[in-house]
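Report on the following structure.
In what follows, chains carry the letters A, B, and so on, assigned in the order in which the sequence lines appear, proteins first and then strands, with residues in each chain numbered from 1. Heavy atoms only: backbone and side chains are in, while hydrogens, waters and symmetry mates are out.
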Amino acid sequence: MTQWTKVALLDDIPRLGARVVHGRQGNIAVFRTAEDQVFAVEDKCPHKGGPLSQGIVFGDKVACPLHGWTIGLGDGCADAPDEGCARTVPVKLENGVVFMEL
Amino acid sequence: MKPMKLVMVGNGMAGVRTLEELLKIAPDLYEITVFGAEPHANYNRILLSPVLAGEMTLQDIMLNDVDWYRENGIRLHLGKQVTKLDRRLRKAYAEDGTCESYDRLLLATGSNPVILPIPGKDLEGVVSYRDIHDTNRMIEAAGHHRHAVVIGGGLLGLEAANGLAQRGMDVTVVHLAEWLMERQLDRAAARMLQRSLERRGLKFLLPKQTQELVGENGRVAKVRFADGDEIPAELVVMAVGIRPNTALAESCGLLCNRGIVVSDTLQTYDPRIYAVGECASHRGTAYGLVAPLFEMAKVCANHLALLGFGRYQGSVTSTKLKVTGIDLFSAGNFTGNEQSEEIVLHDAVGGVYKKLVIENNQIVGSVMYGDTADGAWYFQLMRDGQAIGEIRDHLMFGQNHLGNAGHLGQSKAANMPDDMEVCGCNGVCKGTIVTAIKEKGLFTLEDVRKHTKASSSCGSCTGLVEQILASTVGGAYTPQASADKPVCGCTDLTHEEVRKAIKEQRLLSIPATMKFLSWGNPNGCASCRPALNYYLLCAWPHEAQDDPQSRFINERAHANIQKDGTFSVVPRMFGGVTSAGDLRRIADVVDKYRIPTIKVTGGQRIDLLGVQKEDLPKVWADLDMPSGHAYAKALRTVKTCVGSEWCRFGVQDSTRMGIDLEQAFWKMYAPHKVKMAVSGCPRNCAESGIKDVGVIGVDSGWEIYVGGNGGIKTEVAQFLVKVKTPEEVLEYAGAFVQLYREEARYLDRTVHFIQRVGLDYVKKRVADDAEGRRALYQRLLYALQGEKDPWRERSRQASDSREFETIEI
Ligand code: SRM
Ligand SMILES: Cc1cc2nc3c(=O)[nH]c(=O)nc-3n(C[C@H](O)[C@H](O)[C@H](O)COP(=O)(O)OP(=O)(O)OC[C@H]3O[C@@H](n4cnc5c(N)ncnc54)[C@H](O)[C@@H]3O)c2cc1C
Ligand code: SF4
Ligand code: FES
């Protein structure tokens, strides 16, 4: 059964930024885009494990802070020609509250 | 349904590149149809030479296969030549009757090889060298026949001759002019080239005029010359030149004059019809190399996409012969005239020849044979129109000589074995780069960086990578003139244009700037946002809106991110001087937060490494020391030596001077980091010679040096001015950094800035113009007024604590 857990208010996440959710499965980065879409991706770059939550967010992508790979927030995958994906976690936004499926 | 129909005639390199550019910026505007006379999809024509030489296969050189057209929804008519255009009804007809109507038409029909009008030209065994079909015929002939004659000793002819010789044929090159490649080389370089090709077994007849091809049973057997000589030939390759293919355009009445005449927007005289590539004649020139064609493609796509900015203004081209093992490069005007001067280096025994042609203190042409390592560099200096006065003495000895060696001091890519490492940051070998260039069809440094990572980190191997690129794709590689390099892929505007708009339009935020300048992506990318943020703050201090989300994590968190995601903390120690109290507090903080490593940095202060992000504000509060900005594009350290207070040689109080400089400028953001140093005497213990601003005390005052750099490429600082008092040091140093802040491109260090504008310009603004200097200095002081220490602010007020706290669930 899917279980939605409340993790934060949308306002807790800076626009074009992210927050780190620390849980049993390790760190998850929850991103907020300019248009207030939210995405959740494991906070671990497929390259060398860089914390994606600390990167610069643009469009629906984030640039990893360590070596600059671009990771798509929707699928967690690196832009070509780089290869590799970070795990994504389902999220939803309801009335300004962000829920994550855990 | 897409709103408009675009039909392209000619499925070659220029046309398809235009479509690629168009799909990038306006994927949904057109329903696209392509006619190609050849039965193949788009391939890399310039690599036909390695195919002929047996170094590559046809499979290797495909750029866009039929799947690409399908994936992009392009209707492709292969093997269909368009023979008729009806401009009134806007329809294009192919030989077989296929008809397509258009709203816009793109002509990219390339050129045709010139065939000498001599008897025997239609015999079997007489071929030109233009496409896959020709190449296959040559490969076929090489398998069955012995004697080949190549008519034409230009680029194409020599590549053909070399390929046929590699396939075991006995090859003679016949050339009408007195020396080979007379349009690209001077006589001396051509001689050397000829000799080394002769050593590989090629024969040359020149000057020599071909009169007739003599046949036997329908196949060519002999070549007869105007002077009566004859030589055997079962294969004759005509490589005497190309002629823009304008037949179709002329048949429908478009203005042609040695090419289809186009404007700066690549439009023909019929505004619905565009032309790009070798078939086009722009300002009287039809180009025969791909680099200019790609520039045209970009502009043309922009206009097809109805964006309407960008003009094609002509290109300066360079040539490189793609014969493995032969290094040859030429660019621009190499013959010179009355006004020009020449610098020549000619070592016949060592096989090296270099000539630079100089006019009005700028390079206007170059020819190089044997050692082309610096070809790309000269070409860049030439395209940028850079004044070379200051480096003229060293110019001939190349970029290396100016302190720009590759990692292991390699400078000649041609001599490197395939398994030798080119890029030390990313561990990329030469072979990997060559393979990627060939297989992925890469043409630019950016492409190579993206696909191989080579030269994408510290950049010190850029020169080597450029050489590898140039020797693999020949003249198809042209370094972009840095003057018109756009900020990033989100815009076509240069750094200077963006800064100008911010100033003139009084733009105060990133969204406002992007809106005004029609930025390509709604919130830009990780390259342009930090640059814009800096430009705004620099242009409008105290007014522009700072955007933390557009700063790199280090500047957002005011600490350096480490490979494991923890941070480092470097408190400021003005001039490298500390106290028992500060050291004690540092020790206590280390114990309290269990900080794993304490290290003395190369900048005379202490680094606390491995701090958890959420501890940062508490660490700052407990330290109670100002931020060292070790994480920022800002003033880092001002290194000092002990100076006259203690040192037996010291003639000036360098420690005090260093502290004063650091206290005056310590909250200053800049295009890149800024480092300073002050030494108390010319022994220079503070290493002022490799700092952005280096000050050296002498008996009668202070010498100020600028533009030093101790990092990736060691650069020695250059003398700016000598002054008498500490107040003057502050004013001159301040004025210099303000000039750098206002005019350098984001991420250029002071050395790059000075290389671009010239030291003379800096001297004029900072040393000679007293009023201007004071104004610069005042602007800097105004920008710094009331600037806060970020650590104090964040630890006391916890402004946006969200940056530092994790969410626990
Ligand atoms: C800590 C320190 C090494 C040390 O343990 O001594 C250091 C550490 C780093 N240097 Fe450095 N550099 C340090 C002195 C230097 C020096 C020597 C100096 O300043 O006297 C140089 C050469 C001088 C110069 O810059 O001209 C130096 C040339 C570089 C460069 C190459 C810069 C260039 O333009 O060529 C980089 C890369 C960059 O900035 O893009 C760099 C980058 C870095 C970064 C910031 C890498 C990064 O982006 O994460 C390192 C941060 C480590 C950290 O988390 O603290 N570091 N770095 C030194 C800090 C000095 C300080 O107190 O602030
Ligand atoms: C062997 C060789 C080596 C080269 N080496 C280099 C090099 O090292 N560096 C460099 O910069 N350049 C080099 N070039 C030149 C470079 O390949 C050309 O400049 C470039 O391919 C021109 O592109 P284009 O699109 O204008 O023409 P093409 O690539 O020739 O494309 C034109 C296409 O249009 C088709 N066509 C013409 N008329 C019609 C019609 N009516 N209907 C349908 N289709 C039509 C043609 O069949 C052809 O396929 C080399 C060329 C050759 C042949
Ligand atoms: S360089 Fe001069 S001032 Fe500096 S420490 Fe040495 S002697 Fe003293
Ligand atoms: S760890 Fe993300 S780019 Fe290297």
Task: Contact class of D60(A) relative to chain B, heavy atoms under 4.5 angstrom - done: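 When you check distances to chain B, no heavy atom of D60(A) falls under 4.5 Å.
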Open item on the list: With a 4.5 angstrom heavy-atom cut-off, is it the side chain or the backbone of S550(B) that approaches chain A, or both, or neither?
Closed with: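 For S550(B), the contact with chain A is made by the backbone alone.
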Task: Under 4.5 Å from a heavy atom of chain A, the part of R551(B) involved - done: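 It is the backbone, since no side chain atom gets that close.
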Drop me the distance from [X]'s [atom1] to [Y]'s [atom2], to the nearest 0.5 angstrom.
{"X": "Q54(A)", "Y": "K613(B)", "atom1": "CD", "atom2": "NZ", "value": "3.5 Å"}
{"X": "R19(A)", "Y": "I807(B)", "atom1": "CZ", "atom2": "CD1", "value": "4.5 Å"}
{"X": "C528(B)", "Y": "F58(A)", "atom1": "SG", "atom2": "CZ", "value": "8.5 Å"}
{"X": "K563(B)", "Y": "K48(A)", "atom1": "NZ", "atom2": "NZ", "value": "8.0 Å"}
{"X": "I28(A)", "Y": "T806(B)", "atom1": "CD1", "atom2": "OG1", "value": "12.5 Å"}
{"X": "K61(A)", "Y": "N523(B)", "atom1": "NZ", "atom2": "CG", "value": "12.0 Å"}

- [ ] List the atom of Q549(B), the atom of G17(A), and the distance in Å for their closest heavy-atom pair.
- [x]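 In terms of heavy atoms, the two residues are closest at NE2-CA, 3.3 Å.
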Open item on the list: Give me the atom names and distance for the closest heavy-atom approach of R556(B) to G55(A).
Closed with: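 Scanning both residues completely, I find the closest heavy atoms to be NH2-O, 3.3 Å.
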Task: Heavy-atom pairs under 4.5 Å with chain B, option from P51(A), G49(A), P65(A), A63(A) with the top count - done: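 The option with the most such pairs is P65(A).
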Open item on the list: Counting heavy-atom pairs closer than 4.5 Å to chain B, which one of D79(A), V57(A), T5(A), T33(A) comes out on top?
Closed with: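 Highest number of pairs under 4.5 Å: V57(A).
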TODO: Heavy atoms only, distances under 4.5 angstrom: which of C525(B), P530(B), S527(B) has the most pairs with chain A? Name it, please.
DONE: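 Of the candidates given, the most pairs with chain A belong to C525(B).
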